[in-house]
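Note that ligands are numbered from 1 as they come in the structure, with each ligand's atoms numbered from 1 the same way. For this chain, numbers begin at 1 and follow the sequence in order.
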Amino acid sequence: MKVVVALDLPTPEGNLNLIASFSALSEEHKPHVGIKVGLSMFIKGGPDFVREVKKHPFDVILDMKLHDIPKTMADAAEGIADLGVNMFTVHASAGSGVRAVKKALTGPKFPNPPKILAVTILTSMDDSETEGIYRRTTKKQAKAMFLSALHSGADGIVCSPVELPFLDYWARKEFVMKGPVPNYVRFVPGIELAPRKDDQKRKGGLREVVEGHADFIVVGRPIYQSKNPVATLSTLLRKIDSLEKMRLAYENEALWTEVA
Ligand code: C5P
C-alpha cells in the first residue's frame with residue numbers, strides 16, 4: 001500500500017517545500033509515497049505546478065474529479081495525459097463521460113496512459129446528505145457508482161474506508177454471469193491516524209484500510225499539519241509495513257487451515 005500525500009497547503013511554495021522535505025525519507029520508503037495535486041492547488045499553480053511536482057521521484061495523482069459532458073471530459077483527459085501524471089480522478093456520476101475518457105486514452109496516441117480513478121461518494125458525506133441528493137444511503141449510492149465506474153472502464157475507485165470491505169463482494173456479484181471481474185485500484189481518503197474533528201464523515205483507521213486491501217491511502221492534514229511531516233510519514237509507512245506483514249501471515253495461516 002502506498003501513502004498519497006494530499007498537497008493541500010495554501011500556497012504552491014509551501015507545498016513544494018513539503019515535497020522537497022520528503023527527500024529525507026529512507027530509500028526504502030520513497031517508492032511507497034505518492035503526491036496528490038487537488039483542485040485548490042491546481043487552480044493556484046496550474047500545469048506548471050504539476051510539472052514542478054513531477055521533478056520529484058514520486059507518483060503524481062491529479063485530483064480534479066472531472067464531471068462534465070463526454071467531449072469536454074475526453075478533451076480534459078487528453079490534456080491531463082499530456083502532463084504525464086500517473087493517475088487522475090473523474091467523478092463516477094459523469095457516466096458516459098467516464099467511458100469517453102477511457103476511449104480517449106485508449107490507443108496508440110497514449111501508449112502509457114494515466115490510470116482513471118472514479119470518485120464515488122465523497123468521504124465528507126453522510127447518509128443524511130446522500131438521502132437528500134440521491135435518495136439513497138451512502139453505501140447504496142457508493143455501490144451503484146462503483147459498479148457503473150467498472151462498467152465504464154475506470155481503472156480504479158475512490159471510496160471511503162467504510163465501503164472498502166464490500167467492493168470485491170459487489171464486483172463478484174455483478175460480474176458473475178458477465179465474465180471476469182475487472183481488476184481495479186482501491187484509492188482511499190478519509191484516513192484517521194488519531195481522532196480528528198473535521199469535514200470528513202466516513203473515516204477509518206490504518207488497520208481497517210490494510211485489512212481492506214487498499215492500494216493507496218490519501219492523507220493530507222494528519223501529515224502536513226503535523227510538527228514534523230517527514231517523521232509522521234515515516235512512522236506511518238513503518239506501521240503499514242508491519243500491519244501488512246501481519247495480514248499476510250494471517251491470510252497464509254487461514255489458507256493453510258483451509259488446505260489441511
Ligand atoms: O486532510 P485529509 O486527509 O482529509 O485530505 C483528504 C484529501 O483527499 C483531500 O485532498 C480531499 O480533497 C481528497 N478526497 C477526499 N474524499 C474523496 C476524494 C478526495 O477527501 N472522496
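Cluster note: Ile61 groups with Val4, Met87, Leu117, Val119, Ile121, Leu122, Met125, Ile133, Tyr134, Met145, Val158, Val185, Phe187, Phe216, Val218 through ILVMFWY side-chain heavy atoms spaced under 4.5 Å, whether in direct contact or through intervening members.
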List the steps, then state whether side chain to side chain donor-acceptor pair (under 3.5 Å) holds for Asp127 with Thr137. CA-CA 5 Å; Asp127 283 348; Thr137 60; 4.8 Å; no
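For Ala77, the side chain to side chain contact (heavy atoms under 4.5 Å, CB included) criterion is met by Phe88, Val101, Leu105, not counting sequence neighbours. Remark: His32 engages no residue in a ring-ring contact (aromatic ring centres under 6.0 Å, His included) (not counting sequence neighbours).
Between Phe146 and Trp170, the two ring planes are tilted [angle within 30° to 60°].
Panel note: side chain Ser148, backbone Ala144; no donor-acceptor pair is recorded below 3.5 Å.
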Are any protein N/O atoms closer than 3.5 Å to the N/O atoms of ligand 1? If there are, list each pair with names and the distance to one decimal place.
| residue | atom | partner | partner atom | Å |
| --- | --- | --- | --- | --- |
| ligand 1 | 1 (O) | Arg221 | N | 2.8 |
| ligand 1 | 1 (O) | Arg221 | NE | 2.8 |
| ligand 1 | 3 (O) | Gly220 | N | 2.8 |
| ligand 1 | 4 (O) | Arg196 | NH2 | 2.6 |
| ligand 1 | 4 (O) | Gln200 | NE2 | 3.0 |
| ligand 1 | 4 (O) | Arg221 | NH2 | 2.8 |
| ligand 1 | 10 (O) | Asp8 | OD2 | 2.6 |
| ligand 1 | 10 (O) | Lys36 | NZ | 2.8 |
| ligand 1 | 16 (N) | Thr123 | OG1 | 2.8 |
| ligand 1 | 20 (O) | Thr123 | OG1 | 3.2 |
| ligand 1 | 20 (O) | Gln200 | NE2 | 2.9 |

